[in-house]
Amino acid sequence: MFAQVIVDVPSSQTDRQFDYFIPEKWERLVLPGMRVVVPFGPRKIQGFVVGTSVESSFKKTKPLEELLDIVPVLSEELIDLGNWLSEQTLSYKISAFQLMIPAALRTKVKKQVHSIVEGNQLPEGIRSLFIEKQPVLWTDLLQQSKPIIEECLRAIKNNQLEVEYLVEEKGKKKSEKYIRVLASAERLNDIPARAQKQKELVEFLLQNKAAISVSEAVKQVGTTRQTVKALIDKGLVEEFEQEVYRNPLAGIDFQRTEPLPLTSEQQKVITPIYDTLNNQSHRVFLLHGVTGSGKTEVYLQTINLALEQGKEAIMLVPEIALTPQMVERFKGRFGSKVAVLHSGLSMGEKYDEWRKIQRKEVQVVVGARSAIFAPFTNLGMIIIDEEHESSYKQEENPRYHARDVAIERAKNHECPVILGSATPSLESFARAQKNVYHLLTLKERVQNRPMPSVHIVDMREELRLGNRSMFSNALFEKLQDRLQKGEQSVLFLNRRGYSTFVMCRDCGYVASCEFCDISLTYHRAQNALKCHYCGHEERMPTTCESCDSEHIRFFGSGTQKVEEELTRVLPEARVIRMDIDTTRRKGAHEKLLSAFGRQEADILLGTQMIAKGLDFPNITLVGVIAADSMLHIPDFRSAERTFQLLEQVSGRAGRHQLLGEVVIQSYTPDHYSIDLVQSHDYDQFFQTEMAQRRFGQYPPYVYVVLITMAHSELMNVIHVAEKVTSFLKRELSEETTVLGPVASPLARIKDRYRYQCMIKYKNEPKLRKTLTEIRQHFNREINQGHLQMTIDLQPYLFT
DNA sequence: AGCACGCCGACT
DNA sequence: GTCGGCGTGCTC
């Protein structure tokens, strides 16, 4: 028997199957989806078995070296999915497979050297290194002086030293010491009368038939490890190692909740989902529900039905929305049937959660992007909450979108997918309009709570009235008012975007490209404004093109500056600041939020991360300091992102008894992405934005591919970029547009110059073939490490 | 990705 | 003549 193996060597030349002979002792044990160690050339590496066969077309096959799993870590479905994913994203198969297993199971190859002769037969200079035939790590050896290294290399040639490859797993299963009682009740008499604690402990163990961890037993009886040790010595108690799961949620009690009664709207949207579940068919639903309309309850109840059918469910949430509040709702409803996967867990904790899924100890997974690969085998439901979120797109290879993977998996399992959002992505909503997805709508908040009222403040007007601070009068007064009433406020400042945009403070005019209708980016080095899409360039103006004012400014002030300002103008307010800087430490996020929940602060000031999932009853005011900050980054999705973010932030206010109010400060209050937040009119926003996309030929009207090339020599990268562009223009069909080459928005990273070109197409059968050819053509330069080339199909980032 | 093999200049 | 630099190609 032979095994087809994908080896752990990420390169284009090894991105195919290699045949290995299965030794007789493992004949029936080797199954597709298992990890193995194989000899590969002179070394040993890890690989995934993707198939077995009776024959091999190879004359000389080496045998498998080691079997790393007893049970496959990848199901047949996940192997297929991996192949599909690598085709879709033009990445290596091995990278796709590695994505699907927890980091703890990824192996590292260690190289070490040990002596195979007696010490005194080794050359004198290196004898002290290899005492007692102890192996020396290759990396340590390389730290030695040059003559020593050379002496070692010679010894290896002379068969005095041997090189050995070790394949090691990164993570370990956690085990704890457990005890069980061996003694029957009679032998209690063997314990001396004064050994009171020993007696108590044995009695306790006899009552509790099951084995118990030492630490737990000691705690329950109220004694110390010494007692346990004495009993082990007497032979009354036995100690053994037991594998345990790390529990990231230890000590937290989740209050069980029952399904809530549904509103008639919720009932209406849930019916077709139930039908699809009952028919065991595949269908994609787009659940468009305003903030606070009870989408989560719909998720919970549909998952519940899937579980009742004996199936499993995956629920994806954006990383920053994976708050304790969200986890609590799922644990509350499904208890121990839930595993949680997010980046806050340690490698070991993630491994444990993954194994719970693999062993079918849980039926529901709540997690961020990569949880879409949860090793379930009987999926009945996949939900993607906040489906418009860009964090579902992975920005490194394999550059996949969790939404696409979800739909592919759901097809494999013939089960429904729910994409949920208050502000769906244009792509998804357009698909719903074309009936590719089935649209479900929740227009009302639960219990007839009103949507928060939104005030848009024109900051140009504020300036004219002499208010130069970052808070408008309206926002300042409302903040004071909440402070007085003891209600809480949330202040939102978006610092995203790397490049400064240029704006006139008098009229709000923003310098934008005359060909692309996208804001220009300021380049300090040349004191020029550039368009990152078409390459257009103009001098940095000194006066406003529109009103001749000299108040032309670069924009961008961070949360720290706002915090400073806040303590100056409202010294009595207690402020919690939440951004990357204050939440980097593990658990800091939860700590700050729960402090705010206990009303230990009046104002929560933060970036993106406070826009989602936040649900506190006492929040009655939401302020957005600079609504335009996102609008002018050079990205065709900037208006969409602005609207989505403003809607999300607005949704944080007035979710319970108290009414909510929102203040949005803007220099361009008439822009539709800001203006339409006032009426919470998604449909109108969709219509307007679609017209823009149509005009500029952007998604969803076309598909986009971004090719980024980087090289340390500017002339070199320009040359490559030009070759790539002209090749694409020659090979691809007439209807396809190839733009560029232009310098990337981030024109130089780590001393490499970056250029990019963009493909816009509607239907391009030769696309993948052509892109693969390009990569093949520059393969040598890429392999030599001079040239970097990334190909992003359906990119979300254009840096 | 590693690693061996092999071809060319520098030097004992 | 030999050592070691890097370019080329292979790994079941």
Side-chain angles (χ1 to χ4, degrees), chain A residues 1-24 26-27 30-68 79 83 86 90-99 106-113 123 137-142 144-159 161-168 170 396-398 711-712 716 775-790:
Chain A
M1 287 287 279
F2 299 90
Q4 282 79 54
V5 176
I6 301 290
V7 292
D8 186 13
V9 181
S11 89
S12 57
Q13 291 164 82
T14 51
D15 190 33
R16 55 195 171 86
Q17 299 176 4
F18 286 83
D19 285 6
Y20 285 89
F21 175 69
I22 303 176
E24 252 171 70
W26 293 337
E27 195 104 286
V30 178
L31 298 170
M34 285 179 172
R35 297 168 306 142
V36 288
V37 175
V38 292
F40 197 64
R43 56 209 173 110
K44 282 181 216 160
I45 53 170
Q46 192 215 19
F48 286 90
V49 176
V50 292
T52 53
S53 61
V54 183
E55 280 180 37
S56 168
S57 52
F58 261 82
K59 285 181 217 85
K60 242 177 58 192
T61 54
K62 295 181 181 176
L64 294 177
E65 176 92 21
E66 220 178 303
L67 204 53
L68 293 174
I79 294 174
N83 287 325
S86 69
L90 301 177
S91 51
Y92 306 127
K93 290 183 174 57
I94 189 68
S95 315
F97 292 145
Q98 296 285 27
L99 199 62
R106 284 172 219 161
T107 52
K108 259 183 99 170
V109 179
K110 266 192 193 166
K111 193 178 168 186
Q112 61 182 25
V113 181
L137 284 177
W138 188 256
T139 46
D140 294 340
L141 197 60
L142 291 177
Q144 302 288 331
S145 68
K146 202 167 176 216
I148 291 187
I149 295 175
E150 283 169 352
E151 191 71 48
C152 289
L153 292 175
R154 229 164 297 143
I156 291 167
K157 267 191 189 155
N158 293 338
N159 287 320
L161 293 179
E162 191 182 50
V163 181
E164 194 183 13
Y165 291 87
L166 290 177
V167 180
E168 275 184 355
K170 283 179 183 166
E396 57 200 42
N397 275 327
H711 197 285
S712 54
N716 251 319
R775 241 212 296 213
Q776 208 57 47
H777 186 264
F778 291 100
N779 197 19
R780 185 185 305 163
E781 279 169 86
I782 294 171
N783 271 349
Q784 286 169 350
H786 304 307
L787 177 67
Q788 269 180 349
M789 188 183 288
T790 54

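Numbered from 1 within each chain, the chains take letters A, B, ... in sequence-line order.
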How about K110(A): does its NZ atom have over 12 heavy atoms from other parts shown lying under 6.0 Å from it?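 Counting other residues, nucleotides and ligands, NZ of K110(A) stays at 12 neighbours or fewer.
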What do you reckon, is CD of E27(A) surrounded by more than 12 foreign heavy atoms closer than 6.0 Å?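 Check passes, neighbour count above 12.
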Is the phosphate of dC12(C) approached by K60(A) (side-chain N or O, under 4.0 Å from OP1 or OP2)?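 For K60(A), the contact criterion (side-chain N or O under 4.0 Å from OP1 or OP2 of dC12(C)) is not met.
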Whole-Å gap separating [atom2] ([N]) and [atom1] ([X]):
X	N	atom1	atom2	value
E781(A)	dT8(C)	CD	P	11 Å
Q46(A)	dG2(B)	CD	C1'	16 Å
F21(A)	dC12(C)	CZ	C1'	13 Å

Is [X] touching bases, backbone alone, or none of the nucleic acid, heavy atoms closer than 4.0 Å?
X	value
Q4(A)	nothing
K111(A)	sugar-phosphate
Y20(A)	sugar-phosphate
S11(A)	base

What pair of heavy atoms forms the shortest contact from F778(A) to L787(A), and how long is it?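 Taking every non-hydrogen atom into account, CB-CD2, 3.8 Å.
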Describe, in one word, how the ring planes of F40(A) and F18(A) are oriented to each other, choosing from parallel (under 30°), tilted (30 to 60°) and perpendicular (over 60°).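 Ring orientation of F40(A) relative to F18(A): perpendicular.
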Classify the side chain of R43(A) versus the base of dA4(B) as yes if they form a donor-acceptor pair under 3.5 Å and no if they do not.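 A donor-acceptor contact between them is absent.
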P42(A) side-chain proximity, nearest of dA1(B), dC12(C), dC3(B):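 Comparing dA1(B), dC12(C), dC3(B) against the side chain of P42(A), the answer is dC3(B).
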